[in-house]
Structures are given as C-alpha cells and as structure tokens.
Amino acid sequence: MAPRHERLEALAEWRRQSTWVDGVLLAIRLGVAATILVGFGGSLVAGTYSIGNIASFVVFGLTIGCIYALVALGYTMVYGILRMINFAHGDVMMVGSFGGLFAADALSGAGVLEAAPLLSLPLVVAAGMVVGAGVALGVERIAYRPFLHVRSLAPLICAIGMSFVLQYAARGLFGSRNRAYPGFGWMERTFEVGGLTIPMLQVVAFVAAGVMLAGLLAVVRLTRLGRAMRAVAEDRDAAALVGIDVGRVIVATFAIGGAMAGVAGVLYALVFKQITVFLGFSLGIKGFAAAILGGIGNLPGALVGGLVLGLAEALGPALLLEGFALPAPYQFKDVIGYAMLVMVLIFRPQGLLGERLADKRA
Amino acid sequence: MSKVLEVSDLTVAYGAIRAVRNVSFRVEPGELVTIVGANGAGKTTVLNALCGLRDIRGGRIRLGTTDITHLPPQDRVALGLSQVPEGRRLFPRMTVAENLEIGAYTRREAAAVAADLEWVLELFPRLRERGRQLAGTLSGGEQQMVAMGRAVMARPDVLVLDEPTMGLAPQIVDLVLDALRAINANGVTVLLVEQNAYRALEIADRAFVLESGEIVMTGTGAELLDHPDIRNAYLGYDA
Ligand SMILES: Nc1ncnc2c1ncn2[C@@H]1O[C@H](COP(=O)(O)OP(=O)(O)O)[C@@H](O)[C@H]1O
Ligand SMILES: [Mg+2]
C-alpha cells in the first residue's frame, strides 16, 4: 500500500477533480453496498431459509434465467445487426407461447401429452418456434425491411405499432384471461435429490433452454450463416462487398430470434403453468433487461445477463430483503431485478460483457 | 478469366447534388487502369456504384457480357467483381484467417479456395503467422494486405481498389503496389483509384482524371505523368 501522504494526496486530487455527480455516484455505491451488507447479514441472522431452500432458489433462478436469456438473444441479435431495438419482440414471444399452447391442447385432446410427455414436448416447443419465427418474419417484413436503406426512427415506431397489433389481436382472438397449459404427465411430478424437492418441469425447461442456447451459439460460431451474421453485424457494407446477401441475413436473424422467443414462451408456460396475452410485456421486458445487463449486441452477454437476472430475482428476496423484515419479500423480486439493471446502467453502461459504445461504429 | 468492365453515362447523386456526372469508361480484360482525382472528386462514389452499394441516377454498367446495372452487390461479387474498399473495412473482431476465408463466401469449391488462400499467403508472407490474430489489432499496412487478400479470395475477374496506399509508409506502399501488379499479372483486370497519383500512374496501363464528378482527361499512365496540367494539379511540382 502507498505511504499515507500519497494516499491523502490522491484523495485531495480526487476531490479537486470530481464534481457533485461523482459525489452522488459514490453515495449510491456506498448505499448499495450498505443495503447488501445489512440485508444479507439480517437474512443470515433471521435464518428463515435452510441451505435446501436456497439450493432450490438457485435451481429456479437458473431455469428462469435461461428463459430470460432465450428472449434476450432475439433483442441482442437484432440490435447487433441493425443497431435497433425490436420493440415487438416480446409479443412475438407471447404469440409463440400461444402456438405452443394450442399444440399442447391438441396433443392433450388426443391423449398423447399425458401418455408420452417426453415425445410431446419437442412437438410443443417446435410449434412455439415455428409460430415465433413466422411472426418475427412478419415484423421484419412490415416494420424493418422498408427502411433498410433509410436512416430514421421509423422502424422503431413501426415495431411499437406491431407490438400493439400483436397484443390486441391476440386479446381479441384468445381473450384476456389466464390460459393454463395442459398437464405433461409424469413431468408434473417433483423429485428429490439430497433432501431437496425439485419440480421435474423446472429441470426439463432448464435442459431444453440449455440445448437451444448451445445450438444457437454453435450456429453462430460454426456455420456459414453464422459467419455471415457476424460479418453483417460488424460492417454491413463490407459484408455486401464479399458477396453476403445482407437482406437475407437480416431475415434469418429475425427468424432465429423469433424461434428462440417461441421456445422461451413455451418453457415459461411449462414452469408457471399459465400464460396471458400480456406475457409479451412482462417477460419481454425481462428479456430486454437481460440483454442490456449482459451488454446488448453481445451473444454470450445475453446468456450471462439472463442468468444473472434470474438468479438475482430468485435469490435476492430471500438473501437480501428478508434481512429488512419486509412482510412479503418475494413480491419485491422485480424491484431487485430492475434496481440491478439501473445500477449496471449507471456504473457499467456497456453492460457486463459489452464493449464501450464509443468503440463501436454508430 | 478476365472480363471487360464498361461504364456508360454513369450519374450518381446524393439528394440534389450530382456527385458523378455522365461518366463513361472501359477497362479491357487484363488491363491495369487507374482513376486519379483530388479528395471529393467522386472516386469512391464511382466504385460504390460499380459494386452496387449506391443507387445510381442514370447510366449502365456491364461486366463481361452481363448488364449488372441493377444487380444487388452479392450477385456482382459472384459474377467476378470485387472491391477493396476505402479505409480497408476489415471485420475487426474476426481473425485474419476468418477475414480471408469470408472473402470466398460466394465460392463452394473447397480445393480451389484453399489453393487461392495459399497464393494470398505467398503474396503477403507476413500474414502467414498472423492467421489467429484479430484483424482489428493489425498495423495499417497489414490490414491493407488482408483487405486485398480478402478481395482476391473471391477470385475476381475485375478487382477495384479504393486508395489502397492511403496512410501507409513508403516501403509498405511499394509492397502493396508490387502485390497489385502480381495480381494483375495473374490475369485479373484492375481498376485502381488513387489520390497518390504519381505512384498509380507509374504502374497503370491507362488512366482517367476525375474532377468534380467528371472525367476531364484520359491517356496512358506515362502520358499523364508527363502532362503539365497533371504535374501541376496532382503531382505537386511545376512543369
Ligand atoms: N454519403 C454522402 N452524402 C452526401 N454527399 C456525399 C456522400 N458521400 C460523398 N458525398 C459527396 O460526393 C462527392 C464525392 O465524394 P467521394 O466519392 O467520396 O469522393 P472521393 O472518393 O473522390 O474523395 C463529395 O463532394 C462528397 O462530399
Ligand atoms: Mg474516396
């Protein structure tokens, strides 16, 4: 450690150069640290939760985190290529989830779902993917393609419009009440490991999401299409000059993002057992937050952002808020999630894995 | 494997401003032709119109026997027209090897692509040990080599280059222009755009001078090198 007078000098230097904004930021940092310490300490002292409880929170957090990551991928892929947020993405996911619901209902009516859930699940997921991809293609065609060579905010406005169209169309067609997914036979049970009770469906959703995420990353790393996507994201004109059909890459990006969102919508329904037409907003904004948290435009960042958000929401209420003796800590999970997002935006605006915006081409 | 490139009456506008006006020229198979002109003369605009990155206001572009005026950029690459763009425009977060490989994006024959990669590495031996390095971390000269290699990997009939020597040290300029001559000697038609008129005219078979969007002079490289107007305006010394 530096001698005392040097440290004092550094402190004086900081005080000379800093403005009141730095002071406020420092105060926020200290406040967050204090909150975490007090909350965490209080939770330990209160001792409401056993290690087993906490382990099951972790399992739940990972599951929901993977689902957030699947949604986040669509935001981050489109942003990477167009430098624009697809505001209709949440509703793409919602419609995909309804696609899965209808497939599940049909399979359940035929008695297949109960009898062979492991066989049925891929079909239900596939239905969600196809519907999600199809709707995403429609969004691209209507809101983005007409403006491909124009610099304007029109695509954003159109995407917001598409979001409303999808949500209200779904509301008109499917109603605004909660819709329950039918039962998936033996997958509805729970199982025990080391005294821990875990719902089978959570594990199924976690594995399915993991497979999808791995598959997507493999496509982007290893295939010709993936390389073309990376090239368009880095420099659209240069990509065209090596013979890449930029328009087709954009279409493929929307389709893949939509398919991933469809999977997320189905898996979310498996875990929470029900969906509404408002899912596009509630889960969509979580996916968006996860994408920002991880660093928008960065694929591994979407994964990290989703998992961090999922774990924070699952563990935060128990580990942090319990210490403040709040009446119903779990109700505050969104507060924790979004507070974390705001913190990241203040202290690391480029996201956890993102590069500084200044390094990127605008 | 060479094709003629013919441009007739090309006009390109940015809004109301016509940056290129009624430009016509022809590059014969196997030639090395240069377009020289001051900053803002319209050189980049011409090349981007050739490659399909810019919509044109009027005129026709022909490559070999094909009218490519209205084809999208990727089809022009597949037909044999490649560009080394101004400022190199590599994919900075891909490796050197990936940048070179993606140059062959429109090609399917793996063996021929591998042979061309070997040829590029012979042209630019420095790139051989840099295959795994990110392109964004290379020096300017090395980036120019990758940009040229990437374009060559498409196995073009006609290669157009936009100020490939810009910002490079004199020895590196020599290296780049030697490689360009080797590419040309290998049967590739070359259209070289340069502000650095002296070096370009030295190696060119023929040259055009572009001024405010119009071709104001044509001749062989040697003729223009000796022309008093050119010496005044572009070579920076008195006749
Ligand atoms: N994207 C653009 N928008 C408007 N004007 C442009 C654009 N690009 C180039 N120009 C104008 O067109 C003219 C020709 O530019 P350019 O082709 O880049 O010239 P050069 O490559 O010879 O330096 C210049 O006057 C320039 O200001
Ligand atoms: Mg230029």
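The shown structure was predicted, so the numbers you read here are calculated from the model rather than taken from an experiment.
Cation-pi geometry between R227(A) and Y105(B) is not met: the NZ or CZ atom fails to fall both under 6.0 Å from the ring centre and inside 45° of the normal.
If you tally non-hydrogen atom pairs under 4.5 Å between each of L81(B), D55(B), V77(B), V84(B) and chain A, the highest count goes to V77(B). Put simply, of R88(B), E101(B), R76(B), the one with the most heavy-atom pairs under 4.5 Å next to chain A is E101(B).
Of the candidates R221(A), R224(A), R230(A), R230(A) is the only one forming a salt bridge (charged side-chain N to carboxylate O under 4.0 Å, His left out) with E98(B).
Residue I102(B) touches chain A through both its backbone and its side chain, counting heavy-atom pairs closer than 4.5 Å.
Contact residues of residues 111-130 of chain B toward chain A are absent (heavy-atom distance under 4.5 Å).
The salt bridge (Lys or Arg N to Asp or Glu O under 4.0 Å) contacts involving residues 243-253 of chain A comprise nothing, where partners must be two or more places apart or lie in separate chains.
Residue L153(A) places its CG atom among 12 or fewer non-hydrogen atoms of other residues, nucleotides or ligands, all under 6.0 Å distant.
Residues passing the side chain to side chain donor-acceptor pair (under 3.5 Å) test with Q17(A), sequence neighbours excluded: E13(A). In terms of the ring-ring contact (aromatic ring centres under 6.0 Å, His included) criterion, residue partners of F288(A) (sequence neighbours excluded) are, by chain and number, Y75(A).
Residues A238(A) and R89(B) approach most closely at CB-O, 3.4 Å, considering heavy atoms. Of all the heavy atoms in A240(A) and L53(B), the pair that sits closest is CB-CD2, 3.9 Å.
A heavy-atom distance below 4.5 Å is not found between the side chains of L241(A) and P73(B).
Between the side chain of Q74(B) and the backbone N or O of V242(A), no donor-acceptor pair lies under 3.5 Å.
A distance of 11.0 Å separates CG of D235(A) from CZ of R93(B), quoted to the nearest 0.5 Å.
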